[in-house]
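The sequence lines fix the lettering, A, B, ..., with proteins before strands; numbering per chain opens at 1.
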Amino acid sequence: MASKDKKNRLPARLPRGFIDREAGDIRATEEMLAAIKRVYERYGFEPVETPFFEYTEALGKFLPDQDRPNEGVFSLQDDDEAWLSLRYDLTAPLARYVAENYDRLPKPYRSYRAGWVFRNEKPGPGRFRQFMQFDADTVGAPSVAADAEICMMAADVMEALGVARGDYVIKVNNRKVLDGVMEAIGLGGEENAGRRLTVLRAIDKLDRLGVEGVRELLGEGREDESGDFTKGAGLSKEGAEAVLSLFDLIGSNERSGTSNAPVIEKLKASTFAETAVYAEGVGELAEIASLVEAAGYATDRIEIDPSIVRGLEYYTGPVFEAQLTFEVPNEKGEKVVFGSVGGGGRYDGLVGRFRGEDVPSTGFSIGVSRLAAALKNLGKLGSENETGPVVVTVMDKSRLADYQAITTELRVGLNADLAPSERPVPVEMYLGGSGMKAQLKYADRRNAPCAIIAGSDEFDSGRLQVKDLLEGKRQASAIASHEEYKEERPGQFDVARTNLVEEVKALLKRQRGEA
RNA sequence: GCGAACGUAGCUCAGUUGGUUAGAGCGUCGGAUUGUGGCUCCGAAGGUCGGUGGUUCGAAUCCACCCGUUCGUACCA
């Protein structure tokens, strides 16, 4: 019921952090998902789907790093008082799924899935409370060959989406290397868990704050522009410099060509190598490097970078991050590097939470919306101007049956011998209540290739008017007066009723430049 | 979460020290053109001035709180 009372009218508004998606967006995303899927299928991964809701405890809220355990997730209580939460990533639900179906799944279990995830956080530009991820995981594979494969697959995905080699890079690090470094500077043990987190967070900010900012955060702390003070990790000068020495290794590869060997050598030569977990981590990185190199993936695609941190909750070994390296202008016209569009790593303990033993697993997650925004920027996505429907206009409402017959004839005829992969030609009869002028305006706005026009003259003569809207637009720009415009009827021609389908087919072909 | 700025029509924005009926451009709809998308001209619709309360004879304008947006920062599985 329409509300005349303006004061009490229901406001039509979206909850903050959520967006409506429109045709162009949806089509572009579907295209993208299909391309990613093809890559994963090529590697032998199979699809699986889990629901939006999981039991809250299954999502892993009791894992470390729960400064604010009740924030960030949408939760509600079920009839039986059990807490349910909307999933905030696709990894924890996969771990639940694998644990629940462990005995009947082939191991290693290789699967991919795309889906919406939800985070109850402050939204910002390009940052929403509902967004899509596309994951691929290998569960039950202890070998770093699985990690190497995930990295290569991530690189393949970027190229399948049209990102040129050199415009992206898959960065690889190992959590064990960072753990080893922290152990070496005296941050080992349970009592230092909090400071270790602070150190990892500091390292993670290299991109944004630079070496100086990280140095402050490793020491006493840092004051930002607004005067806010962030407490640091409180490391000694030597400890901080030791951590920062990792950054010196970045770029070792570029200087030497295409192999990750130089950075591996430097990692091995470091004094940290005396720490067992560090040495183990470097060993794994060396193996990954040699595996991807043997497969032909050089540092222009997969690069070892000791400054990569990624998620703090559950990664136990190698971690990956897909970065776009080209610059794009932001709203202010400044050039900025697009940055991370996906990440992942090894999470040996996640499935084990549901079972007695750890199940070694590794995976990768693509931020679909973010990557879509990047691709749009590259011009690799967003064929916005899709051809719209052929519009059959209605001039004489008493002859609706005739217009309907024409519409159906075109709809069937134009789509008769399409291959299954070809986009159908949409055909519609104008269903609004307005006159001819508005109908053609409608066709124009729908980006229609042509409109069919018929009144009593046409029905009597057995010939219909076909108006080529693209050709008409072209001709119209050369016509100044409205009288002449009316007289010319640019782009318009008449065809025999019996030849309608063939004539429209020919017109569409001409427009595609095939005739 | 903390700090700051901003919020006027669908969009981009004017709006004087607090003073009559809040404006423009673009867009939308209609007419000139009863059967033809453009151009041009004419006209119309469209506003809880983000919300609520307060100060005042009088508030888009001043004050408080709230909501939203943006920026910085923290967190980010």
Watson-Crick or G-U pairs under 3.5 Å in RNA chain B, rendered as dot-bracket with [ ] for crossing pairs and | for another strand: (((((((..((((.....[...)))).(((((.......))))).....(((((..]....))))))))))))....
For A/Glu483, salt bridge (Lys or Arg N to Asp or Glu O under 4.0 Å) partners two or more places apart: none
Which pairs of donor and acceptor atoms, one on a side chain in residues 89-101 of chain A, lie under 3.5 Å apart (sequence neighbours left out)?
unit_1   : atom_1 : unit_2   : atom_2 : d
A/Asp89  : OD1    : A/Thr91  : N      : 3.2
A/Asp89  : OD1    : A/Ala92  : N      : 3.2
A/Asp89  : OD2    : A/Tyr314 : OH     : 2.9
A/Arg96  : NE     : A/Glu54  : OE1    : 2.8
A/Arg96  : NE     : A/Glu54  : OE2    : 3.3
A/Arg96  : NH1    : A/Glu100 : OE1    : 2.9
A/Arg96  : NH2    : A/Glu54  : OE2    : 2.9
A/Asn101 : OD1    : A/Arg104 : NE     : 3.3
A/Asn101 : OD1    : A/Arg104 : NH2    : 3.0
A/Asn101 : ND2    : A/Tyr97  : O      : 2.8

Any pair counted as ring-ring contact (aromatic ring centres under 6.0 Å, His included), so long as it reaches residues 432-472 of chain A, sequence neighbours left out: A/Tyr403-A/Phe459, A/Tyr430-A/Tyr442
Presence of A/Arg201 side-chain N/O under 4.0 Å of B/rA74 phosphate oxygens OP1/OP2: no
Not counting sequence neighbours, which residues clear side-chain hydrogen bond (donor to acceptor under 3.5 Å, both in side chains) with [X]? List them please.
X	answer
A/Tyr315	none
A/Arg215	A/Glu212, A/Glu241
A/Glu458	none

Pairs meeting criterion salt bridge (Lys or Arg N to Asp or Glu O under 4.0 Å) with involvement of residues 435-444 of chain A, two or more places apart: A/Asp444-A/Lys473
Base of B/rG35 paired with side chain of A/Lys467 (donor-acceptor, under 3.5 Å): no
Quiz item: A/Arg127 side-chain donor-acceptor pair to B/rC76 base, under 3.5 Å: yes
Distances under 3.5 Å only, N/O to N/O: pair up the protein atoms with those of nucleotides 25-32 of chain B.
unit_1 : atom_1 : unit_2   : atom_2 : d
B/rU28 : OP1    : A/Arg445 : NH2    : 3.3

